[in-house]
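First up is the structure itself, then whatever we jot down about it.
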Amino acid sequence: MAKRERNKRSARKARQKERAELEAKHAASGMTTAAADSASQKSVKKAEASKPSKKAKDKKPGLGARISNYFKLVRTEMHKVVWPSKLELRNWSIAVIVMLVVFGVCVWAIDTGFVALLVGYTGLRG
């Protein structure tokens, strides 16, 4: 929390410093505050006008370019993968199969127990 407050404070100080520099610059040039405000607004408008338009920036590449870019990215990610050795693959496969058998036997035992309890409680044979 303290870090966030420090960041806010430093941002406020930076903005205050920029305003003070701008006012000093306008005072040195002899402009009144109203003229300085209109000049700063004009400079902001010029900066916005010089930026590229949103439509030009958001232009998407064609479908073929996007598909080829996707497969290029897949290829680079596949080069980053650390593949297991044959021994590791075999050991992990055996571990998975053993756990499947163990859990299968547990589920079967619990199911059989519930069926036996229901048959004993209701007297119905199913």
Side-chain angles (χ1 to χ4, degrees):
M1 190 67 168
K3 186 176 183 180
R4 183 181 295 167
E5 293 300 322
R6 278 195 306 270
N7 288 343
K8 285 181 183 178
R9 228 176 304 134
S10 64
R12 277 195 303 262
K13 285 182 181 180
R15 285 193 302 269
Q16 185 180 12
K17 185 178 178 182
E18 287 176 5
R19 279 194 298 268
E21 288 174 358
L22 187 63
E23 287 175 4
K25 187 170 115 179
H26 290 302
S29 66
M31 288 184 169
T32 63
T33 56
D37 288 342
S38 66
S40 64
Q41 288 175 354
K42 287 179 184 176
S43 66
V44 168
K45 287 179 182 177
K46 284 181 184 177
E48 288 175 357
S50 66
K51 290 180 183 176
S53 67
K54 190 173 183 179
K55 290 180 182 178
K57 192 166 69 171
D58 291 341
K59 190 174 182 182
K60 285 185 181 178
L63 180 63
R66 286 186 285 168
I67 290 172
S68 68
N69 187 29
Y70 171 76
F71 282 111
K72 285 178 188 175
L73 292 174
V74 168
R75 186 172 182 219
T76 57
E77 287 298 320
M78 293 303 281
H79 284 293
K80 294 178 185 178
V81 173
V82 178
W83 297 101
S85 66
K86 287 184 180 182
L87 181 64
E88 288 174 331
L89 183 64
R90 188 185 73 210
N91 288 341
W92 285 107
S93 298
I94 290 171
V96 168
I97 291 169
V98 167
M99 293 308 295
L100 284 171
V101 170
V102 167
F103 280 108
V105 169
C106 290
V107 169
W108 172 79
I110 292 170
D111 183 54
T112 304
F114 278 131
V115 168
L117 285 173
L118 286 173
V119 167
Y121 181 73
T122 61
L124 299 173
R125 300 271 180 207

Anything under 3.5 Å between a donor and an acceptor, one on a side chain of residues 87-114, the other on a protein residue two or more places apart or in another chain? List them.
unit_1: E88; atom_1: OE1; unit_2: S85; atom_2: N; d: 3.0
unit_1: N91; atom_1: ND2; unit_2: L87; atom_2: O; d: 3.4
unit_1: S93; atom_1: OG; unit_2: L89; atom_2: O; d: 2.8
unit_1: T112; atom_1: OG1; unit_2: W108; atom_2: O; d: 2.8

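Pairing each heavy atom of A65 with each of S68, the nearest pair is O-OG, 3.0 Å.
Counting heavy-atom neighbours within 6.0 Å of E21 CD, excluding the residue itself, gives a total above 12.
Here the straight-line distance linking atom CD of E23 with atom CZ of R19 works out to 8.0 Å at 0.5 Å rounding.
For the side chain to side chain contact (heavy atoms under 4.5 Å, CB included) test, residues two or more places apart in sequence or in another chain that qualify with R75 are H79.
Taking the charged nitrogens against the carboxylate oxygens, K80 and E77 do have a contact shorter than 4.0 Å, which makes a salt bridge.
Grouped by direct or indirect side-chain proximity (heavy atoms under 4.5 Å, Ile/Leu/Val/Met/Phe/Trp/Tyr only), L73 sits alone.
Hydrophobic clustering (ILVMFWY, side-chain heavy atoms < 4.5 Å, transitive): Y70 and I67 are in one cluster.
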